[in-house]
Protein chains: 2
Amino acid sequence: MDRLAQVEVFVRTAGFMSLSRAAISLNMSNAAASRHLSALEERLGVRLIERNTRRLWLTEAGQEFLVRATQLLNEFDEAENAVLERVLSPSGLLKVTSSLSFAMLCIAPVLQEFRALYPRLNVQIVTANRYLDFIEAGIDVAIRTREHEPDSGIIVRKLGSTPRLLAAAPEYLSRRGMPVKPADLMRHDMLVYNLANEPNILNLTRQGRSERVNIGNTLDCNDGQVIRQAALAGMGILIQPLYIIADDIRAGSLVPVLTDWELPILNMNIAYQNKTRLPAKVKVFSDFLISKIRSNPDNGISYS
Amino acid sequence: MDRLAQVEVFVRTAGFMSLSRAAISLNMSNAAASRHLSALEERLGVRLIERNTRRLWLTEAGQEFLVRATQLLNEFDEAENAVLERVLSPSGLLKVTSSLSFAMLCIAPVLQEFRALYPRLNVQIVTANRYLDFIEAGIDVAIRTREHEPDSGIIVRKLGSTPRLLAAAPEYLSRRGMPVKPADLMRHDMLVYNLANEPNILNLTRQGRSERVNIGNTLDCNDGQVIRQAALAGMGILIQPLYIIADDIRAGSLVPVLTDWELPILNMNIAYQNKTRLPAKVKVFSDFLISKIRSNPDNGISYS
DNA sequence: TCCATTTTTCCTCTAGGTGGAAAAAAGCTT
DNA sequence: AAGCTTTTTTCCACCTAGAGGAAAAATGGA
């Protein structure tokens, strides 16, 4: 039998001065209420409420217990309400990991608005050029581009897609010429992001036809921003997601090349551990970020 | 399911960092412990303990709830222990009613010792020359001499028996002569206690023979001490229980008459309400008083 | 004395909780 | 990488504790 229910019957009965009314208010039968009260008195070894069929009154033990019991029930409700409030109003620390580029371009610009919405939730961005382990690094949310997670315990939700482009500074193109067909890339200086799948092989398609090109690597680096800076300096042709160089292209600082050819789309995903109950902070952050990215047409990430 | 048991499983699990060890310590199966914890999390709508088969750790919600939960369990134990202590060490107020005589002669002399034994229990003596109603007067214990209680809800325990005697002051007997046989009483001044059963009829027996005498009443009073004082002043012959005039007889202030005749024995009883659980204070007082009266051979109350 | 109402207890039924065992998972060792 | 050990979770069959309805008992008022 639920000991708290026993205490509730006792407190309600003392309040109403009636077992029947206590039973009604607790949605239980008279018989059940009587049993609950008797069970409590049995366990305590004392009569808490002296009663007959016409009236009842608290014993001295009952009066003392009533004070404590009422306080206990209140505190129990408060404890549960505090937890419930935490669910509705997340707080604490949320650890998000992503590439430096994604953090700079997609998270940092909207973080202030997020903090305004959830003032008690601190967000810590852990930029890394490799995928961190959720458990080892204490990560709550990860932004990843790989198609599949080896760990089936990870939930993956799609943020959007971004095309990969080939682009170079106008100065470089003046100096080295514009590549006309994919094979021309073999004679160009290529700036390679070495964390990509098969970083030295390019698969380009046009009108259903594919061409596979092996490229050298004038620069072999694990950071998109470093590669972008090198390209801006005229060091070669880069292959990067549109969202990273969208502003550069609009500014004319980088010029796309082989634009009638397509490279494989890059899917941007948000990932978190599959838990029996998704922590509120993970949920609110994920929903927020997805909403922000999808509602910005200029960021180079589309969703369909 | 017992909600407190759920909280106990949670707190134990957090302490041991193991559901299995929490289960052992609470004498329940692993399955039951798992269900209790899951049920608590279900009701709260939040994961309190994140866990896999190898380790577990508190969520932030779990950390906060743990503080409150631990306090709740402590306070619940304290509330129950406070009640238990009250049972073992009675306190509060005990209302005892008896005749003035009994209170003066049998209760007052031992009350100090009782209070020393139970310092937190206050005894209130309500002397009355009539029987008070338990419920109306809020009486816990009553000393009564009547043979039967009309209320079957009253428990009656025998304190002892006291013979009733006829006695008068030596001066009165010198002046009016010593009665020789029961019929002589009709020509004497009789001091009648009008609360007795059939106060104006005396049934005296000797060697198996009974004589019934109708007596007049020079004094008709409802208080034994007033009757005693009148007899001491030579106003007439009284009929009173031995325990009231035992000291007067030893002192020679009152002289028993018709001593080879017997009046009906008076049974002294202690009475209290039949309750589902006898209050500790009623029990300890009753036991104490019975013990004191039975161990005093000089008080005029015998027990066999 | 009768009546209405409340508390308690009895009875029957079933829903819920049990433990054991199996499944799944996880981390360590080889 | 595979195997092993241990823990947590879930399933299953069983049993009992708790349910409500009704009757019994009690109580106070009319």
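Any value given below was found using the heavy atoms of this structure, including those in side chains, with hydrogens, waters and symmetry copies removed. Protein chains get the first letters and strands the later ones, always in sequence-line order, with residue 1 at the start of each.
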If we ignore hydrogens and angles and just use 3.5 Å, is the side chain of [X] paired with the main-chain N or O of [Y] as donor and acceptor?
X	Y	result
A:S34	A:N30	no
B:N122	B:L93	no
A:T13	A:V9	yes
A:T59	A:R47	yes
B:D140	B:K95	yes
A:E41	A:I49	yes

Based on the rotation axes of five pairs at each end, what angle does the helix from C:dT1-D:dA30 to C:dT30-D:dA1 bend through, to 10°? 30°
Integer-rounded Å distance: [N] [atom2] and [X] [atom1]:
X	N	atom1	atom2	result
A:R51	C:dT7	CZ	P	9 Å
B:R43	C:dG16	CZ	C1'	16 Å
B:E50	D:dT8	CD	C1'	12 Å
B:L37	D:dT8	CG	P	10 Å
A:I154	C:dA26	CD1	P	11 Å
B:E41	D:dT9	CD	P	8 Å
B:L19	D:dT7	CG	P	11 Å
A:R21	C:dT7	CZ	P	11 Å

When we call it a touch if two heavy atoms are under 4.0 Å apart, what does B:S38 touch: a base, just sugar-phosphate, or nothing? nothing
Judged by each residue's nearest nucleotide on DNA chain D, which is more toward the 5′ side, B:T13 or A:R55? B:T13
Just checking A:Q63: does its CD atom have more than 12 heavy atoms from other residues, nucleotides or ligands closer to it than 6.0 angstrom? yes
Classify the ring geometry of A:F10 against A:F65: parallel below 30°, tilted from 30° to 60°, perpendicular beyond 60°. tilted
Go through the steps for B:D2 and A:M1 under the test side chain to side chain contact (heavy atoms under 4.5 Å, CB included), then give the verdict. CA-CA 6 Å; B:D2 188 349; A:M1 192 178 271; over 6 Å; no
Kindly say if A:S34 contacts the phosphate of C:dT9, meaning a side-chain N or O under 4.0 Å from OP1 or OP2. no
Are B:E80 and A:R68 ion-paired here, with the side-chain N under 4.0 Å from a carboxylate O? no
Can you tabulate the close N/O pairs, meaning under 3.5 Å, that link protein atoms to atoms of nucleotides 3-6 of chain D?
unit_1	atom_1	unit_2	atom_2	d
D:dT5	O2	B:R54	NH2	2.8
D:dT6	O4'	B:R54	NH2	3.4
D:dT6	O2	B:R54	NH1	3.2
D:dT6	O2	B:R54	NH2	2.8

Contact pattern, 5' to 3', of nucleotides 13-23 of chain D - B, S or - by protein heavy atom under 4.0 Å: -----SBBB--
